[in-house]
Amino acid sequence: MACDVGREKLDAYLDGELDSSEAAALSAHMRNCNSCAADALEGVQMKRAVAAAGKRYEPRARFREKITNHITTKPQRNTGWMWILAVPALSVIILSVGVALYVNHESARRQRVYSELTDLHVATLASATPVDVISTDRHTVKPWFQGKIPFTFNLPDLQGTEFTLIGGRVAYLAQSPGAHLIYQLRKHEISVFIFQDRGTETGLPSGTTNALSFNVDSWTQNGLRYFVLGDVSSEDIQALSKLLQDAK
Amino acid sequence: MEVPEQRLPTVNFEDLAMPLFDQLYNFARWLTQDTAEAEDLVQETFAKALRGFSSFQPGTNFRAWIYRILRNSFLSSRSGLKATVAFDEEDHDTVGSSDATPETLLLERSNREMVQQALAELPIQYREILLLCEVEEMSYQEIAETLAVPPGTVMSRLFRARKALRNGVESMQKPQGDRHGM
């Protein structure tokens, strides 16, 4: 810089940190000093460049959801007005207490299994190495499970469909080993879990349902319990289920 | 019945914190240089801020408060300790000189990726102060609160940080063999 205005002061001016009299004096000075004017121009360009370059990273939607759930005010803090809605519901509950107890028990059991599977799905996708056998070829993935799980299963031929097989890994549900396969559909990952149907933890009603905003389909076939879980539509989930059910 | 006078209407943590979520993540990602670590850092920050929210004084600067929590959490983490070890501001002041180069030309030519790379290569103390000033558009006073340093230090550190960034961009634009001191 050719004149005696320090760069630090010029930066503070550009950052809007000089008081009004100092800013006015510097502004007047720059009208007659080419060197300071050029430095100021470069300073502005630099500020813009850093501002643009610095806005670089965006949080993943899943992470945002996790944090939001974590900090959202607990619902019981606002229960006062909810009694208005709860009164009709309460009458129904009183009338059907027996049925409700059974349904609640079943629903809690189902929710527990679905929560576990959802956790497995999310944790696997978040992992740096989501699958232990990476292959789009079912004839590579299926034999990989040999000796690792106490059963065998058939995988569908995906030719002519939108689904792609990504790979697989061993997963555990209620201490029982099973197969966890990852499929992809239009950049969405879908988990397929296959466990032995022991009629206890895995003995759940068949059909499509919704667990924590994921769509889940489940059925029993040849003594095996299948779960198809992902954030795609229930139609897509059912389409993959159909392929698995027809696999030979 | 006596009502405490200083009691302000309840401020919701979520309403104050969630609008800052994206920026806090961006800042955390720049500090840690790693997605998983950045997520852990933001999660830790939100957990600490939520726990300590009762001690936050309504009417004071929430943004500086939560950024300070994030930064302190980072500094006490393993990568934070590694990033700050043996940093001497004066040492970095002597690296090269950008005065001899037509800077306007340099920065006009510089693209976003180059500035990003130069930012990523800066010592953490310079990277964070530039991000707080240019991306978060914090005032010197807010930066001073966030970094827990006097406002005068903010001004001199920003000066050094900008100089180091210019040198970084400049050395990237020179052919490999020309990089000073190499």
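Every chain is numbered from 1, with letters handed out A, B, ... down the list of sequences.
The aromatic rings of B:W30 and A:Y57 lie perpendicular to each other, with more than 60° between the two planes, well past the 30° mark.
A distance of 11.0 Å separates CD of A:E58 from CD of B:Q23, quoted to the nearest 0.5 Å. Interatomic distance, CD of A:E42 versus CZ of B:R166, reported as 4.0 Å (0.5 Å rounding). Within the model, atoms CG of B:L130 and NZ of A:K47 stand 9.5 Å from one another, a figure rounded to the nearest 0.5 Å.
For A:R64, the parts sitting under 4.5 Å from any heavy atom of chain B are the backbone and the side chain alike. If you measure heavy-atom distances from B:A47 to chain A, the contacts under 4.5 Å come from both the backbone and the side chain.
Residue B:E39 forms a side-chain hydrogen bond (donor to acceptor under 3.5 Å, both in side chains) with just one option from A:K66, A:R60, A:R62, and that option is A:R60. When each of A:R7, A:M46, A:E8 is tested with B:R162 by the rule side-chain contact (heavy atoms from CB on, under 4.5 Å), just one qualifies, namely A:M46.
Annotation: side chain of B:V42 is not in contact with side chain of A:P59 (no heavy-atom distance under 4.5 Å).
With hydrogens and angles ignored, the 3.5 Å screen pairs a side-chain donor or acceptor of A:E17 with a backbone N or O of B:Y140. In this structure a side-chain-to-backbone donor-acceptor pair under 3.5 Å is present from B:N26 to A:G54. Panel note: side chain B:E14, backbone A:I71; no donor-acceptor pair is recorded below 3.5 Å.
Residue B:E134 comes nearest to A:A51 through the heavy atom pair O-CB, 3.5 Å, listed as atom of the first residue, atom of the second, then distance. When all heavy atoms are compared, the tightest approach of B:Q43 to A:I67 is CA-CD1, 3.7 Å. Across A:V50 and B:L119, no two heavy atoms sit closer than the pair CG1-CD1, 4.3 Å.
In terms of heavy-atom pairs under 4.5 Å with chain A, the best-connected choice from B:M155, B:Q116, B:Q141 is B:Q116. Considering only heavy-atom pairs separated by less than 4.5 Å from chain A, the leading option among B:M18, B:E113, B:R127 is B:M18.
For B:A118, the side chain to side chain contact (heavy atoms under 4.5 Å, CB included) partners are B:L165, B:V169, B:M172, not counting sequence neighbours.
Atom CG of A:N34 is surrounded by 12 or fewer heavy atoms from other residues, nucleotides or ligands within 6.0 Å.
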